[in-house]
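Have a look at the structure below before the remarks.
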Amino acid sequence: MPELPEVETIRRQLSRELPGKRILNVQVLYSKAIKPLTPSRFAKMVKGAKFVKISRRAKVLRLELANGRTMLVHLKMTGRLLLQKRGAAPRKETEAIFELSGRRALFYDDLRRFGWIRVIKTAELGAYFEKQGYGPEPLAASFTPKTLIACLRAHSGKRIKPLLMDQTCIAGVGNIYADESLWDAGILPTRRVADLTDQEIIKLHGAVRRALEKAIRNRGTSADSYLDAFGREGTNFPRLNAYGQAGTRCKRGDGGIIKKTKLGGRGTHWCLKHQK
DNA sequence: ATGATGCCCTGAAAGC
DNA sequence: TGCTTTCAGGGCATCA
């Protein structure tokens, strides 16, 4: 599932490929993906425009166009943005095709159809993200241990893992990297924030960053269906320590077994030995 | 306000 | 074998 590292990987790839390219034509094959716009209104807003800049906030990709509009894309669970040859055939899960100047097309695929594309005026971007209330970007220099302590302490009654996934606390962390960060920091996912010491939160701060940076270096985790913009799997999955490791021996070599249960409706993995 | 649950979706895997 | 059920889950709506 595309979380910060996967979306960031796609952003970096599209940043090298899209700016300067023009959208020659748009086909919408699944109109729910662009709600509340209709396919014809959507096409009218983006057709003929050039890409200017590709950026990311939380798990949302921002494709800025030269016509004063920006496409926002959320890939949710199974969304993909794929650079294809122009004229390539749509698949069953293809929801939109952007034919580009040059030889390529940008495909938006989404097997489970949870993701979406929205078009907003670039001038309204700030207000939009303000309203979403996203927390700090965990890889930004301004995200310090102090920032994390303050944001966690504001929700002291909550369990740490669901809070890590709360986008208003830290932006971009999802299920995989929440489990990975807690494994690294040696903290049980069920711990109440009020019970965490400042030292533990400082440790967690480093762990979150390490987990995300490592995944970006590996071009993301292909646990389910994630592919990068060139249709390649990321190489981070075999390097995970907790997520998807149920029943295996802890890679820390402490003799612990990775256990799996549900927490807040999400599959949650942790080491019985070293996470406390 | 907060926490729990349901919903959107599809295909793979498990269960019977 | 073949049908049914469960599971994967981000983010939002709904309800206690």
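Chain A is the first sequence line, chain B the second, and so forth, proteins listed ahead of strands; every chain is numbered from 1.
- As a whole-Å value, the separation of A:W116 CH2 from C:dC12 P is 8 Å.
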For this session: Show the numbers, then the answer: is there a salt bridge (Lys or Arg N to Asp or Glu O under 4.0 Å) between A:D224 and A:R112?
Result: CA-CA 12 Å; A:D224 187 2; A:R112 277 175 228 170; 2.6 Å; yes

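- Separating the CE atom of A:M1 from the P atom of B:dC8 is a distance of 21 Å, rounded to the nearest angstrom.
- Ranking C:dG9, B:dC9, B:dG3 by closeness to the A:Y30 side chain, first place goes to B:dC9.
- Around the CZ atom of A:R192, the shell of radius 6.0 Å holds more than 12 heavy atoms that belong to other residues, nucleotides or ligands.
- Atoms NZ (A:K260) and C1' (C:dG9) sit 11 Å apart, rounded to a whole Å.
- Atom NZ of A:K203 sits about 14.5 Å away from atom CG of A:D198, to the nearest 0.5 Å.
- For A:R266, taking side-chain heavy atoms from C-beta onward, the closest of the listed nucleotides B:dG11, B:dC8, C:dG11 is C:dG11.
- The residue A:D224 sits apart from the nucleic acid: no heavy atom pair falls under 4.0 Å.
- Among the nucleotides C:dA8, B:dT10, C:dG11, the one closest to the side chain of A:K262 is C:dA8.
- Under the 6.0 Å cut-off for aromatic ring centres, A:H74 and A:F114 do not qualify, their centroids lying 6.0 Å or more apart.
- Atom CG in A:D110 sits 4.0 Å away from atom OG1 in A:T78 (nearest 0.5 Å).
- The aromatic ring of A:F114 is not stacked on the base of C:dG11, since the criterion of ring centres less than 5.5 Å apart with planes inclined by under 30° is not met.
- Remark: P of B:dG3 and NE2 of A:H155 are 10 Å apart, rounded to the nearest angstrom.
- Contact annotation: A:Q167 side-chain N/O to C:dG10 OP1/OP2 distance is not under 4.0 Å.
- Closest approach to the A:L111 side chain among B:dG11, C:dA8, B:dC9 is made by B:dG11 (side chain taken as heavy atoms from C-beta onward).
- Distances from the side chain of A:K59 to the nucleotides B:dC9, C:dG10, C:dA8 place C:dG10 closest.
- Listed pair A:H74 / C:dG10 fails the phosphate criterion, with no side-chain N or O lying under 4.0 Å from OP1 or OP2.
- The stretch residues 124-135 of chain A touches DNA chain C through A:Q132, each having a heavy atom within less than 4.0 Å of the strand.
- The existence of a salt bridge linking A:D228 and A:R232 is confirmed by a sub-4.0 Å separation between a basic side-chain nitrogen and an acidic carboxylate oxygen.
- Of the candidate nucleotides B:dG11, B:dC9, C:dA8, C:dA8 has the atom nearest to the side chain of A:Y243.
- A:K32 has a side-chain polar atom (N or O) that falls below the 4.0 Å cut-off from OP1 or OP2 of B:dC9.
- No more than 12 heavy-atom neighbours from other residues, nucleotides or ligands sit within 6.0 angstrom of NZ on A:K273.
- Residue A:R112 is the one, among A:R112 and A:V173, whose nearest nucleotide of DNA chain C lies closer to the 5' end (criterion: closest heavy atom).
- C:dG10 atom C1' lies 12 Å from atom CZ of A:R118, rounded to whole Å.
- Nearest to the side-chain atoms of A:K92 among the listed nucleotides C:dG10, B:dG11, B:dT10 stands B:dG11.
- No side-chain N or O of A:T9 forms a donor-acceptor pair with one of A:R219 less than 3.5 Å apart.
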